[in-house]
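The structure displayed is predicted, hence computed values, not measured ones. First listed ligand is number 1; within each ligand, the first listed atom is number 1.
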Amino acid sequence: MAFFTHQVCRSFSSSALRSVAIKHVVIIGGGQMGAGIAQVAATTGHQVTLVDTSDTILKKSVKGVEASLKRVVKKKYADKPEAGEAFIQKALQNISTSTDTASAVQSTDLVLEAIVENLQIKQDLFTGLDKVAPEHTIFASNTSSLPITDIASATTRLDRFGGLHFFNPVPMMKLVEVIGTSATSQETFDSLLNFGKALGKTTVSCKDTPGFIVNRLLIPYMMEAIRLHERGHGSKEDIDIAMKLGAGYPMGPFELMDYVGLDTVKFIMDGWSKMDPNNPIFAQSELLNKLAAEGKFGKKTGEGFYKSK
Ligand code: CAA
Ligand code: NAD
């Protein structure tokens, strides 16, 4: 089965090379994930350029970063409001924005992509970037489910391409999955690993298999929750309560899907059911498809399984 035989090994033939210290990062996509990664990179002293398709979107991204920074400061600097304000200002000064992808990548160490979960769109983006980014620049994708090997294949820098998979909400979630393909050099892999650590995250090394570690377990769990509900075996409210109180999860599966975005969950499922159509774990859900078709993507549109508070 193609799904399980996907790329699993990586060679470290160039292990003598040293990793590159990443000081400047261009983040493409200022949505939930891109803005969160920009925030964390900026608060840890990195220079960040956040790129999206319009100034209106970028203004919203920066506003979101500011609001999140205020929440961080409320906790971290509860007794030191001036230090808290300085922390916010310093972080915001480290972030610039751009709608011009080509000029944004002119002199950067890392381009990290967090745009829509669609292989063709990600490949098109990287093909263009490959022509204009400096030789030393590492490319990485924050994809939830697409093979890094397939995204990288649109470029000529296979050795300088890897995955950096962050979790939502980025300022709160402590993990980053670092993914190497069989062509990723040891130098690149180490640079990505060190970048994750420099952002204050705990890193785990992953093979380039669909969903890496977390999503390979989490997405089937979320889909099984929908199927349980579709079979009439539990209301979404009861399923959410059950998983929070019975399994200790901070959010129930329906709350979590609304949080992640039903568009993203659907993109992931569409890709996986195409890759392995006979696997019942990746079977389509009528309810998910209906909500996504209605534009009910969850928190980002104000309604998904639930109306947002
Ligand atoms: N920015 C900054 N601080 C935040 C924050 C954010 N976005 N969200 C929460 N906080 C902090 C704040 O200090 C907040 O206090 P205030 O409300 O007073 O500001 C505090 O956390 C508590 O937050 P909440 O009251 O909203 O709720 P909570 O205690 O449940 O924590 C949560 C929120 C961290 C999101 C928690 O519910 C949680 O861990 N949920 C599960 C998230 C999860 O599983 N993420 C992974 C999704 S899958 C994925 O990302 C991969 C993929 O590819 C799809
Ligand atoms: P989102 O819809 O919130 O944001 C995507 C952003 O990318 C939008 O602002 C959009 O305008 C922008 N964009 C789209 N095409 C672009 C292009 N060609 N150039 C520049 N900007 C472009 O999505 P998100 O939830 O932030 O997810 C982004 C990526 O991160 C996806 O690959 C997703 O699978 C992955 N991811 C999502 C989560 C999650 O919980 N939502 C967690 C981990 C990884």
Side-chain angles (χ1 to χ4, degrees), residues 26-40 43 49-61 64-78 88 97-102 104-105 111-129 140-146 148 151 163-177 210-219 221-222 240 243-244 248-253 255-271 297-301 309:
V26 172
I27 297 169
I28 316 231
Q32 313 189 84
M33 296 308 292
I37 300 164
Q39 176 182 332
V40 174
T43 55
T49 306
L50 187 59
V51 177
D52 210 302
T53 50
S54 78
D55 285 323
T56 312
I57 296 175
L58 286 166
K59 270 193 191 128
K60 199 174 155 209
S61 310
V65 168
E66 213 173 333
S68 176
L69 283 168
K70 282 184 182 153
R71 293 176 80 180
V72 171
V73 157
K74 203 172 80 184
K75 252 192 186 161
K76 210 170 156 188
Y77 295 94
I88 293 175
T97 60
S98 173
T99 53
D100 182 351
T101 316
V105 304
V111 176
L112 175 53
E113 163 278 313
I115 66 169
V116 62
E117 187 72 348
N118 176 294
L119 180 61
Q120 189 63 56
I121 298 176
K122 288 188 194 285
Q123 285 178 329
D124 290 348
L125 173 76
F126 279 117
T127 300
L129 291 175
S141 173
N142 182 52
T143 179
S144 299
S145 65
L146 298 166
I148 301 294
I151 305 173
L164 272 178
H165 186 221
F166 288 81
F167 295 84
N168 190 16
V170 183
M172 298 300 292
M173 305 304 282
K174 297 185 175 74
L175 184 71
V176 180
E177 292 179 324
F212 317 123
I213 296 174
V214 173
N215 282 347
R216 181 62 183 81
L217 299 172
L218 189 62
I219 303 289
Y221 151 74
M222 296 198 288
D240 277 349
M243 293 314 292
K244 284 189 282 189
Y249 287 20
M251 287 176 174
E255 291 170 333
L256 186 55
M257 282 186 276
D258 276 359
Y259 198 74
V260 164
L262 301 193
D263 50 344
T264 297
V265 177
K266 177 157 167 55
F267 284 134
I268 296 170
M269 285 309 295
D270 285 352
F297 296 158
K299 188 178 69 116
K300 68 171 97 167
T301 57
K309 284 173 206 148

Which atoms of ligand 2 are found less than 4.0 Å from any heavy atom of Lys300?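 Under 4.0 Å from Lys300, ligand 2 has these atoms: 1 (P), 2 (O), 3 (O), 23 (O).
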Just jot down the ligand 2 atoms closer than 4.0 angstrom to any heavy atom of Ile28, in number order.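 Those qualifying, in numeric order: 19 (N), 20 (C).
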Please report whether atom 22 (C) of ligand 1 has a protein non-hydrogen atom at a separation of less than 4.0 Å.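 Answer no: nothing from the protein, no heavy atom, is under 4.0 Å.
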Can you check whether Thr264 has an N/O within less than 3.5 Å of an N/O in ligand 1?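 The answer is no, given that Thr264 and ligand 1 share no N or O pair closer than 3.5 Å.
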Lys74, any N or O under 3.5 Å of ligand 1 N or O: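 There is such a contact, yes.
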Distance to 0.1 Å, residue and atom name: give those for the protein heavy atom nearest to atom 54 (C) of ligand 1.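 Going atom by atom, the protein heavy atom closest to atom 54 (C) of ligand 1 ends up being Val260 CG1, 3.6 Å.
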For atom 24 (P) of ligand 1, what's the nearest protein heavy-atom neighbour? Residue, atom name and distance, please.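 Atom 24 (P) of ligand 1 sits closest to the protein heavy atom Arg71 NH2, 4.2 Å.
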Nearest 0.5 Å, what's the CG-CZ distance between Leu262 and Phe267?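 Spacing of CG (Leu262) from CZ (Phe267) equals 11.5 Å.
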Using heavy atoms and a 4.0 Å limit, tell me yes or no: is Gly261 in contact with ligand 2?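 For ligand 2, residue contact (heavy atoms, under 4.0 Å) with Gly261 is absent.
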Ile57 N/O under 3.5 Å from ligand 2 N/O: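 No.
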Any nitrogen or oxygen of Val116, side chain or backbone, less than 3.5 Å from one on ligand 2?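 There is no such contact.
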Relative to atom 34 (C) of ligand 1, which among Met222, Met172, Lys244 owns the nearest non-hydrogen atom?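 Ranked by closest heavy atom to atom 34 (C) of ligand 1, first place is Met172.
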Ligand-residue contact atoms, ligand 1 with Pro250, heavy atoms, under 4.0 Å: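 Listed by number with element, the hits are 36 (C), 37 (O), 38 (C), 39 (O), 40 (N), 41 (C).
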